[in-house]
Amino acid sequence: MGASSGIGREVAKLLLADGWELGLAARREEPLLELKAMAPEGSRVEVMPIDVCRADAGDMLLRLADRLGGMDLYFHASGIGKQNRTLDASIELSTTETNAMGFVRLVGEAYRYFIRRGRGHIAAISSIAGTKGLGPAPSYSATKALQATYLQALDQLARQSGQRIQITDIRPGFVDTALLHGDFKYPMMLRPEDVARDIVQSIRRGRHIRLIDWRYRLLTCLWRLLPDGLWRRMKL
Ligand SMILES: NC(=O)c1ccc[n+]([C@@H]2O[C@H](COP(=O)([O-])OP(=O)(O)OC[C@H]3O[C@@H](n4cnc5c(N)ncnc54)[C@H](OP(=O)(O)O)[C@@H]3O)[C@@H](O)[C@H]2O)c1
């Protein structure tokens, strides 16, 4: 979900090269068809335009899984985000709609599907932005914290109820994709191709939480150690 651009597209390319049968989804169908056309010969690829904000998005996901004869891995890369220092209401609400409601709708649908199937793996990209509330991007940081907490809750739920459902939470730092274009220049920018390689490896190894890369692991450790009083005064 979210294979039409950025990190999701790069992950899809790697999985295709690895021989996976893939269901590609996002709102824009054209880039998904382009990706399908690039797949190695003989690959099984299905495309379905899905908007995670629509009430029927969960049913569409199930239809896509059916077309492929079942789903082993659900990968959620869909998301939007913008700096919003003026607290523009439409940005705050659409971000919440996509990253919170859309996320819970689709990840929840995949979880229930895997309960019925008896096993499965859910991997999703949250962000290092969920580590603390970030003044320049209130709804983005808050919805990324929601995503991380939701995945942690599902992981515990699966273990407590004896479900064979694996959960992987991917938290990258700044990545050079369309999501950041138009905002100011970001430091320590990662390449989507490198992040995608790390993600595929983390999925294969069944990691629970993966922060990308080591510099952001260090940075978020420091953020966590900062006393609240200092964080409140920090200029980001
Ligand atoms: N770039 C970064 O620095 C960074 C850092 C940490 C985490 N992340 C997270 O990584 C994920 C991927 O972002 P990206 O950087 O690769 O940005 P991107 O290139 O803008 O990709 C975002 C993807 O989400 C899809 N999407 C957006 N709204 C959707 C909706 N309503 N329904 C279905 N799909 C939707 C987009 O497809 P359509 O427009 O075709 O629907 C696109 O495929 C996001 O969750 C983002 O928050 C990004």
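Atoms within each ligand, like the ligands themselves, are counted from 1 in listed order. Reckoned from all heavy atoms, side chains included, excluding hydrogens, waters and symmetry mates.
Looking only at atom types and distance, the side chain of Arg207 has no donor-acceptor partner in the side chain of Thr168 under 3.5 Å away. Side-chain contact annotation: Asp169 with Gln152, donor-acceptor N/O pair under 3.5 Å absent. A side-chain N or O of Asp88 and one of Ser90 form a donor-acceptor pair less than 3.5 Å apart.
Protein residues with a heavy atom closer than 4.0 Å to ligand 1 are Gly2, Ala3, Ser4, Ser5, Gly6, Ile7, Ala26, Arg27, Arg28, Ile50, Asp51, Val52, Cys53, Ala77, Ser78, Gly79, Ile80, Thr98, Ile125, Ser126, Ser127, Tyr140, Lys144, Pro172, Gly173, Phe174, Val175, Thr177, Ala178, Leu179, Leu180, listed by chain and number.
Every residue two or more places apart in sequence or in another chain that forms a ring-ring contact (aromatic ring centres under 6.0 Å, His included) with Tyr74 is listed here: His76. Applying the side-chain contact (heavy atoms from CB on, under 4.5 Å) test to Ser127 and every residue at least two apart in sequence or in another chain returns Ala129, Tyr140, Lys144. Evaluation of the side-chain contact (heavy atoms from CB on, under 4.5 Å) rule for Ala100 yields Thr96, Thr143, Leu146 as partners, not counting sequence neighbours.
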